[in-house]
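Heads up: the structure comes next, in C-alpha cells.
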Amino acid sequence: MGGFFATALKEDCIFDLFYGTDYHSHLGTRRAGMAVYDEKNGFNRAIHNIENTPFRSKFDRDLKDMEGCYGIGSISDYDPQPLIVRSHHGTYAICTVGRVNNTDEIVDTIFHKDNTHFLEMSGGDINKTELTATLINQKDNLVEGLQYAQEMIDGSMSILLLTPKGVYCARDKYGRTPLVIGKKKAGYCASFESFAYLNLGYKNVKELGPGEICVITPEAVTTLVQPGKKMRICTFLWVYYGYPTSCYEGVTVESMRYNCGAKLAERDGYTTDDIDVVAGVPDSGTAHAIGYSNASSVPFSRPFVKYTPTWPRSFMPTHQTKRNLIAKMKLIPVHELIDHKRLLIIDDSIVRGTQLRETTEYLFESGASEVHIRPACPPLLFGCKYINFSRSNSEMELIARQVIAEEEGDKVDRTILEDYANPDSDRYHKMLDSICKKLNFTTLAYNRLDDMIAATGIPKENLCTYCWDGRE
C-alpha cells in the first residue's frame, strides 16, 4: 500500500510535513521520503529505508537541513519516492499511491515516442512514480498530464505533485484510495489519512472525489478538475489497512469494524453456552471482536497481546517465511485466559492461512479447548488489481483458491468461482469445510459480503469488492 502527505503554508512546513508523513507509517513497509521547496534554496529531498527503523528515527537528522513552505512526504511499500523531476513543465517533486498493471505496455508506448530510458530498480522493476511522471510529461500542461497518466494506467494512481507555486493533488480515477484536504490558519494540507493532520491543528475541508484534481497554496484550495461519478473505494481500507481513527467517505474504521463484528455475531447466534470469550487477532481484529462481544454479550478478552515496542505489522518483511515467524514471535500468550477456554477468534481476513493456522496451533498448545475462527471479510478469491493489498505472486497462493483447485482442478472458469463466492451455495460451504480442516480450526464462518457492505453503510456500487467477488 503506502500513504502520503502534503503541506502548503505561509510559514516553514517541515514540522507538519514530518509528523503528517509519519502518521502514515502503518501503511508502508520499506521506503519513506520527504521533499520541500524553498524560494531561496529550491528543492530539497531525503529518502531512507525504514524496514528496520521507524520513520522518525531515520528522518530526525534531516529536519535541520530542510526548510520551505511547500512539501510532500511519502511512506511506500516498495518504490523510493518522492522523486524530483526536471521537465518542460519546470522542476517538480512527485509521490504516488497506487498500482500499475500495464508497465510494459506503457514503457513500449513511451519508447516509441523517443523517450530515451527509464532507471531500473533492484530486480529490474521500474519505479511506478517515475513511470507516472513520464506520462505526465507527455502533455503540454500538468493538469492534462495528470489526467493522461490516470487514463493510461491500468490499476489506480493517486498523485501529489509539488511545484514552486503550489501542490497538485489528484485522487485516482475511481477513488479506490482516499485523498483529503485540511486547513488551519497558516494554510492547507493534503493527506491519504484524515486523522494525520488533526493533532497538527488542521480542520477537515473536503475529501476529493474520484478523479478530482485540485491545487493547494497557503491561501486557497482550487479545484481544477471536477470529480467523476463512478466511485470504487477499496472496502479493505476499513476491514484491515486503515488505522482505527481513519475515516473514509464519512465512515470511520473503528465504527465499521464494530458493525462487522456485530453482523458476525448475529449470523452465529452464539452465547456463553457455546463459547467462553471473544478475542481479536491484534491489532486489526480487535475492534471486530469488540463488536461481536457487544452484540452477543459474550465477554471480550485478550488471550494474546502483541509486543508493540519493536514488532511492526507482520506483512512488513519481504519474505513470507520471515513474516510467519514474526507473526508468531510478536504475540505473547496470557495462559490464564487461554487454558481450557472455548475461544472465538476474529481476524481481519485469511489470505494464505499460514499465520492463522500457526496462531490456532499456538492457542491449542497453550491450553485452549476450542478455537472458532471468524474472518471479518469473505473468502479472498481474486488477487487485487488496484492496490498492493498482498505480496502474493499468484492467486493460487490464496488458501481459498488452493482448496478450489484441489476440488475443481487448476483451470476454473469465472462461473464456477462466482458459485464459490455465493455464501448460499453448496460449493461455498464445501470450500469452508476444507479450509477449516486444513487450518485445524474448530469451526470456521466468514463474514458475508452483504453483511460487510451493510457494515460500511455505503452503497455497494460505490465500493470495490473485486478480491471477493471479481466485480470490476
Side-chain angles (χ1 to χ4, degrees), residues 3-25 31-48 50 55-76 79-97 127 129-130 132-133 136-137 141-143 145-146 158-170 179-192 196-197 199-202 205 213-222 224:
F4 52 36
F5 190 83
T7 50
L9 304 179
K10 299 173 184 176
E11 58 195 26
D12 186 69
C13 73
I14 191 62
F15 180 91
D16 286 11
L17 182 63
F18 176 78
Y19 286 103
T21 305
D22 178 58
Y23 268 133
H24 290 81
S25 295
R31 302 285 186 268
M34 296 188 299
V36 294
Y37 175 78
D38 175 68
E39 286 188 357
K40 179 181 178 181
N41 301 310
F43 289 89
N44 192 0
R45 181 190 64 177
I47 295 177
H48 294 295
I50 58 169
F55 175 89
R56 290 194 303 274
S57 299
K58 270 292 177 72
F59 284 87
D60 184 64
R61 62 181 179 270
D62 296 306
L63 296 185
K64 66 180 182 298
D65 299 322
M66 302 183 78
E67 60 180 346
C69 294
Y70 296 120
I72 59 175
S74 171
I75 300 283
S76 175
D79 309 72
Q81 54 175 324
L83 303 181
I84 297 178
V85 178
R86 186 171 183 177
S87 75
H88 65 284
H89 300 303
T91 301
Y92 61 82
I94 180 173
C95 62
T96 65
V97 171
N127 188 316
T129 304
E130 180 188 0
T132 302
I136 292 170
N137 294 339
N141 62 67
L142 288 174
V143 174
L146 289 165
S158 291
I159 306 162
L160 294 179
L161 198 151
L162 167 64
T163 77
K165 295 182 179 181
V167 180
Y168 289 79
C169 311
L179 210 173
V180 292
I181 306 296
K183 178 183 180 180
K184 67 179 182 179
K185 187 175 181 180
Y188 292 85
C189 71
S191 180
F192 183 104
Y197 53 71
N199 287 343
L200 296 172
Y202 295 85
V205 172
I213 301 174
C214 72
V215 61
I216 59 172
T217 66
E219 293 76 29
V221 51
T222 304
L224 305 174

query = Just wondering, do Cys69 and Cys13 contact through their side chains at under 4.5 Å, heavy atoms?
reply = no
message = Does any part of the side chain of Leu224, heavy atoms only, come nearer than 4.5 Å to the side chain of Val215, both counted from C-beta?
response = yes
Pairs under 3.5 angstrom only: tabulate donor-acceptor contacts from the side chains of residues 32-40 to other protein residues two or more places apart or in another chain.
unit_1	atom_1	unit_2	atom_2	d
Asp38	OD2	Lys40	N	3.2
Asp38	OD2	Asn41	N	3.1
Asp38	OD2	Asn41	ND2	3.2

key: Euclidean distance, Leu83 CG relative to Glu130 CD, rounded to 0.5 Å   = 7.0 Å
key: For Phe55, all residues meeting ring-ring contact (aromatic ring centres under 6.0 Å, His included), sequence neighbours excluded   = Phe18, Phe59
Spatial distance of atom CZ (Arg56) from atom OG (Ser25) [nearest 0.5 Å] = 7.5 Å
message = Show, in sequence, the C-alpha distance, side-chain angles and deciding distance for Arg86 and Thr91, and conclude whether the side chain to side chain contact (heavy atoms under 4.5 Å, CB included) test is met.
response = CA-CA 4 Å; Arg86 186 171 183 177; Thr91 301; 3.8 Å; yes
Main-chain N/O of Thr129 paired with Gln81 side-chain donor or acceptor, under 3.5 Å = no
ask   = With sequence neighbours excluded, what pairs up with Lys184 under the salt bridge (Lys or Arg N to Asp or Glu O under 4.0 Å) test?
value = Asp16
message = Quick one, Leu160 and Ile94 - any side-chain contact, counting heavy atoms below 4.5 Å?
response = no
ask   = Just wondering, do Asp12 and Leu9 contact through their side chains at under 4.5 Å, heavy atoms?
value = no
key: Trace of the side chain to side chain contact (heavy atoms under 4.5 Å, CB included) decision for His48 with Asp62   = CA-CA 10 Å; His48 294 295; Asp62 296 306; 2.7 Å; yes
ask   = Just wondering, do Leu146 and Tyr168 contact through their side chains at under 4.5 Å, heavy atoms?
value = yes
inquiry  = I'd like to check Tyr92 versus Pro164 (side-chain heavy atoms, cut-off strictly below 4.5 Å). Are they in contact?
reply    = no
task = To the nearest 0.5 angstrom, please state how far the CG atom of Leu17 sits from the CD1 atom of Ile72.
result = 8.5 Å
query = Counting distance only, does the side-chain N/O of Asn127 pair as donor-acceptor with the main-chain N or O of Pro80 below 3.5 Å?
reply = yes
inquiry  = Are the side chains of Thr217 and Tyr70 in contact, using a 4.5 Å heavy-atom criterion?
reply    = yes
task = Drop me the distance from Ile75's CD1 to Cys95's SG, to the nearest 0.5 angstrom.
result = 10.5 Å
task = Find out whether Phe4 and Ile159 are in side-chain contact, i.e. whether some heavy atom of one side chain is under 4.5 Å from a heavy atom of the other.
result = no
query = For the atom pair NZ (Lys58) and CG (Asp22), what is the distance rounded to the nearest 0.5 Å?
reply = 13.5 Å
message = Under 6.0 Å between ring centres: does that hold for Tyr19 and Phe15?
response = yes
request  = Consider only side-chain N and O atoms of Ser191 and His24, and report whether a donor and an acceptor are under 3.5 Å apart.
outcome  = yes
